K.L.:
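Please read through the structure below; I'll follow up with questions.
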Amino acid sequence: MSKIEDVKAMVDAGKAKLVPGLVQEALTEGNAAKDILQAMVDTMRVVGDKFSAGEIFVPEMLMAAKAMSKGVDVLKPLFAGQSTSSLGTCIIGTVEGDLHDIGKNLVSMMIGSAGFDMVDLGVDVSATKFVEAIKENKNVSIVACSGLLTTTMTKMQETVQALKASGLTGFKVIVGGAPVSAEFAASIGADGFAPDAGSAAVKAVELAKK
Ligand code: B1M
């Protein structure tokens, strides 16, 4: 059995101490970093389904999230960019009221590896904080807003509106996250949408070069 199956099982079981070693073993076994990452992403979907079905609760979900984050730490250097010239600064954060950060961290890793200088504002980021971050950082070309909860999609809308109304220029806004669609992104005035971390990086490069 591939070590990837062990990685999946231990992320599912929330074994944060075991996952890094298993990810390393899966790499040694010859598995591609992107396949190991995808396996962990798929496992988090299973974890979410179990939560929806009432089979597990928030603590188990949190443990699985921690386990995945530890696994991602092992893979991070393998996704590091080879770009020498910067495409500008990308400000990234999860919108106000939302504490989910695994997807945001993956998006940050991929956009960073595409050649941007990353400024990660973390989770529960208000519209005001996003706007302030543009003022505080040089050469901001992209603002990336992540959101996982349907209940905080209005905060994403508020954020995009505040960014557009700020009078600041020179940057484009990308939004994404499980409940976000291309239609929703367009309806709130975002410049771009991406369904996953890889395409977020592609979209960021495309918009920064426009
Ligand atoms: Co939460 N949670 N959670 N949770 N959680 C979900 C999102 C949920 C779908 C679970 C479920 O019910 N099936 C559900 C949301 C329902 C909804 O609104 N539609 C939910 C809920 C309800 C909640 C709480 C309300 C539970 C409670 O307290 N009763 C609570 C809310 C807390 C808050 O935020 N205020 C809560 C809490 C938590 C934990 C803290 C326990 C933990 C998060 C820990 C952490 O992030 N550090 C957690 C987890 C782990 C999940 C699930 C299981 C996994 C999320 C995840 O990390 N996925 C999730 C179920 C699921 O997603 N199926 C769930 C893996 C990650 C790689 O995928 O984040 O989707 P994702 O990111 C993807 C894409 O979405 C995209 O690219 C990423 C990688 O390819 N993407 C972007 C993300 N951001 C992007 C930005 C972009 C572009 C693409 O451009 C800028």
Side-chain angles (χ1 to χ4, degrees), residues 8 11-14 16 19 34-73 75-76 79 90-114 116 118-126 130 141-156 159-160 163 171-182 184-186 188 190-208:
K8 288 169 76 171
V11 168
D12 192 6
V19 170
K34 70 170 178 32
D35 294 337
I36 302 170
L37 181 61
Q38 188 57 51
M40 291 196 283
V41 170
D42 293 345
T43 305
M44 292 310 287
R45 206 163 292 132
V46 173
V47 168
D49 291 345
K50 284 190 195 169
F51 176 76
S52 295
E55 290 168 24
I56 61 165
F57 301 95
V58 171
E60 287 93 336
M61 210 157 53
L62 194 53
M63 284 163 71
K66 279 192 183 148
M68 171 159 176
S69 295
K70 294 284 178 198
V72 170
D73 286 346
L75 298 177
K76 250 183 211 164
F79 288 103
C90 172
I91 307 278
I92 190 165
T94 304
V95 297
E96 188 173 359
D98 194 333
L99 304 176
H100 296 84
D101 69 356
I102 296 183
K104 183 265 296 166
N105 293 343
L106 291 181
V107 171
S108 178
M109 186 171 91
M110 295 309 282
I111 295 182
S113 74
F116 289 83
M118 300 305 296
V119 174
D120 191 337
L121 303 178
V123 296
D124 191 19
V125 181
S126 67
F130 274 108
S141 53
I142 297 289
V143 178
C145 306
S146 176
L148 263 276
L149 298 173
T150 43
T151 47
T152 55
M153 287 170 85
T154 50
K155 294 293 175 188
M156 187 172 271
T159 302
V160 175
L163 289 165
F171 64 90
K172 299 276 171 44
V173 186
I174 307 178
V175 296
V180 181
S181 64
F184 175 75
I188 63 171
D191 302 297
F193 158 80
D196 55 52
S199 41
V202 172
K203 184 53 85 179
V205 172
E206 182 192 312
L207 289 174

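Each ligand, and each atom within it, is numbered from 1 in the order the structure gives. Numbering starts at 1 and runs along the sequence shown. If you're wondering where the values come from, they're calculated on a predicted model, not measured in any experiment.
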K.L.:
Where's the contact between P179 and ligand 1, heavy-atom distance under 4.0 Å: side chain, backbone, both or neither?
P.N.:
neither
K.L.:
Could you report the tightest heavy-atom contact between M156 and V180, atom names first, then the distance?
P.N.:
SD-CG2, 3.8 Å
K.L.:
Got the closest protein heavy atom to atom 47 (N) of ligand 1, with its distance?
P.N.:
D101 OD1, 2.7 Å
K.L.:
Taking 4.0 angstrom as the limit and counting only heavy atoms of D98, give me the atoms of ligand 1 inside it, by number and element.
P.N.:
34 (O)
K.L.:
Less than 3.5 Å between some nitrogen or oxygen of S146 and one of ligand 1, yes or no?
P.N.:
yes
K.L.:
Between A64 and ligand 1, which residue portion shows a heavy-atom distance shorter than 4.0 Å: side chain, backbone, both, or neither?
P.N.:
neither
K.L.:
Roughly how far apart are I102 CD1 and M40 CE, rounded to 0.5 Å?
P.N.:
9.5 Å
K.L.:
For atom 79 (C) of ligand 1, what's the nearest protein heavy atom and its distance?
P.N.:
A197 N, 3.8 Å
K.L.:
Distance from F171 atom CZ to I142 atom CD1, nearest 0.5 Å?
P.N.:
10.0 Å
K.L.:
Check each atom of ligand 1 against the heavy atoms of C145 and keep those under 4.0 Å away; list them by number with element.
P.N.:
91 (C)
K.L.:
What protein heavy atom is closest to atom 20 (C) of ligand 1, reported as residue, atom name and distance in Å?
P.N.:
L149 CD2, 3.9 Å
K.L.:
Using a 3.5 Å distance criterion without hydrogens, assess whether the side chain of T152 forms a donor-acceptor pair with backbone atoms of K155.
P.N.:
no
K.L.:
Just going by heavy-atom distances, which of V123, T152, L148 is nearest to atom 55 (C) of ligand 1?
P.N.:
L148
K.L.:
Which pair of non-hydrogen atoms, one from S113 and one from F79, has the smallest distance, and what is that distance?
P.N.:
CB-O, 2.7 Å
K.L.:
For ligand 1, is any non-hydrogen atom under 4.0 Å from V180's backbone (N, CA, C, O), its side chain (CB onward), both, or neither?
P.N.:
neither
K.L.:
Does the N or O separation between D49 and ligand 1 drop below 3.5 Å for any pair?
P.N.:
no
K.L.:
Does K172 have more than 12 heavy atoms from other residues, nucleotides or ligands lying within 6.0 Å of its NZ?
P.N.:
yes
K.L.:
Specify the protein heavy atom at minimum distance from atom 49 (C) of ligand 1: its residue, its atom name, and the distance to 0.1 Å.
P.N.:
M61 CG, 3.6 Å
K.L.:
Can you find a protein heavy atom closer to atom 11 (C) of ligand 1 than 4.0 Å?
P.N.:
yes
K.L.:
Just going by heavy-atom distances, which of G97, G103, A178, G48 is nearest to atom 78 (C) of ligand 1?
P.N.:
G103
K.L.:
Which residue holds the protein heavy atom closest to atom 50 (C) of ligand 1, what is that atom called, and what is the gap in Å?
P.N.:
M44 CE, 3.5 Å
K.L.:
Do any N/O atoms on A65 end up under 3.5 angstrom from N/O atoms on ligand 1?
P.N.:
no
K.L.:
Quick one: does atom 59 (C) of ligand 1 have a protein heavy atom under 4.0 Å from it?
P.N.:
no
K.L.:
Return the residue, atom name and 0.1 Å-rounded distance of the protein heavy atom closest to atom 85 (C) of ligand 1.
P.N.:
G176 C, 3.4 Å
K.L.:
Yes or no: does G192 have any heavy atom under 4.0 Å from an atom of ligand 1?
P.N.:
no
K.L.:
Can you tell which part of V107 has a heavy atom less than 4.0 Å from ligand 1: side chain, backbone, both or neither?
P.N.:
side chain
K.L.:
Assess the residue pair T43 and M68 against the criterion (side chain to side chain contact (heavy atoms under 4.5 Å, CB included)); give the C-alpha distance rounded to whole Å, side-chain angles, the decisive distance to 0.1 Å, and a yes or no.
P.N.:
CA-CA 9 Å; T43 305; M68 171 159 176; over 6 Å; no
K.L.:
Measure from the side-chain N and O atoms of D191 to the backbone N and O of V173, and report whether any donor-acceptor pair falls under 3.5 Å.
P.N.:
yes
K.L.:
For atom 24 (C) of ligand 1, decide whether some protein heavy-atom distance is shorter than 4.0 Å.
P.N.:
no
K.L.:
Tell me the closest heavy-atom pair linking G147 and P179, and the distance in Å.
P.N.:
O-CD, 3.3 Å
K.L.:
Report the name of the N/O/S atom of H100 located nearest to atom 1 (Co) of ligand 1.
P.N.:
NE2
K.L.:
Please classify the L106 to ligand 1 contact at 4.0 Å (heavy-atom distances, strictly less than): side chain, backbone, both or neither.
P.N.:
side chain
K.L.:
Assess the residue pair T94 and V125 against the criterion (side chain to side chain contact (heavy atoms under 4.5 Å, CB included)); give the C-alpha distance rounded to whole Å, side-chain angles, the decisive distance to 0.1 Å, and a yes or no.
P.N.:
CA-CA 6 Å; T94 304; V125 181; 5.7 Å; no
K.L.:
Could you please spell out the steps behind the side chain to side chain donor-acceptor pair (under 3.5 Å) verdict for S52 and D49?
P.N.:
CA-CA 5 Å; S52 295; D49 291 345; 5.1 Å; no
K.L.:
For L62, take its heavy atoms, then give the atoms of ligand 1 lying under 4.0 Å from any of them.
P.N.:
40 (C), 41 (C)
K.L.:
Please report whether ligand 1 has a polar contact with D196, defined as an N or O pair separated by less than 3.5 Å (distance criterion only).
P.N.:
no
K.L.:
So, N105 and S108: side-chain donor and acceptor under 3.5 Å apart, yes or no?
P.N.:
no
K.L.:
Taking all non-hydrogen atoms of both residues, which atom of V107 and which atom of A200 are closest, and how far apart?
P.N.:
CG1-CB, 3.8 Å
K.L.:
Measure the CZ-CE distance between F51 and M44 for me, rounded to the nearest 0.5 Å.
P.N.:
11.5 Å
K.L.:
Keeping the roles fixed (side chain from D98, backbone from L148), state whether a donor-acceptor pair exists under 3.5 Å.
P.N.:
yes
K.L.:
Looking only at N/O atoms, are A144 and ligand 1 under 3.5 Å apart anywhere?
P.N.:
no
K.L.:
I'd like to check atom 91 (C) of ligand 1 in this structure: does the protein have a heavy atom lying under 4.0 Å from it?
P.N.:
yes
K.L.:
Tell me, which protein residue and heavy-atom name are nearest atom 33 (C) of ligand 1, and how many Å apart are they?
P.N.:
L99 N, 3.5 Å
K.L.:
Are any of the N/O atoms on S52, whether in the backbone or the side chain, positioned under 3.5 angstrom from an N/O atom of ligand 1?
P.N.:
yes
K.L.:
Taking 4.0 angstrom as the limit and counting only heavy atoms of I174, give me the atoms of ligand 1 inside it, by number and element.
P.N.:
90 (O), 91 (C)
K.L.:
Roughly how far, to the nearest 0.5 Å, is the NZ atom of K76 from the CG atom of L37?
P.N.:
11.5 Å
K.L.:
In terms of residue, atom name and distance, what is the protein heavy atom nearest to atom 88 (C) of ligand 1?
P.N.:
A194 O, 3.2 Å
K.L.:
Taking atom CE of M109 and atom CG of D120, what is their separation to the nearest 0.5 Å?
P.N.:
12.5 Å
K.L.:
Got a second to check how far K104's NZ is from I111's CD1, nearest 0.5 Å?
P.N.:
11.5 Å
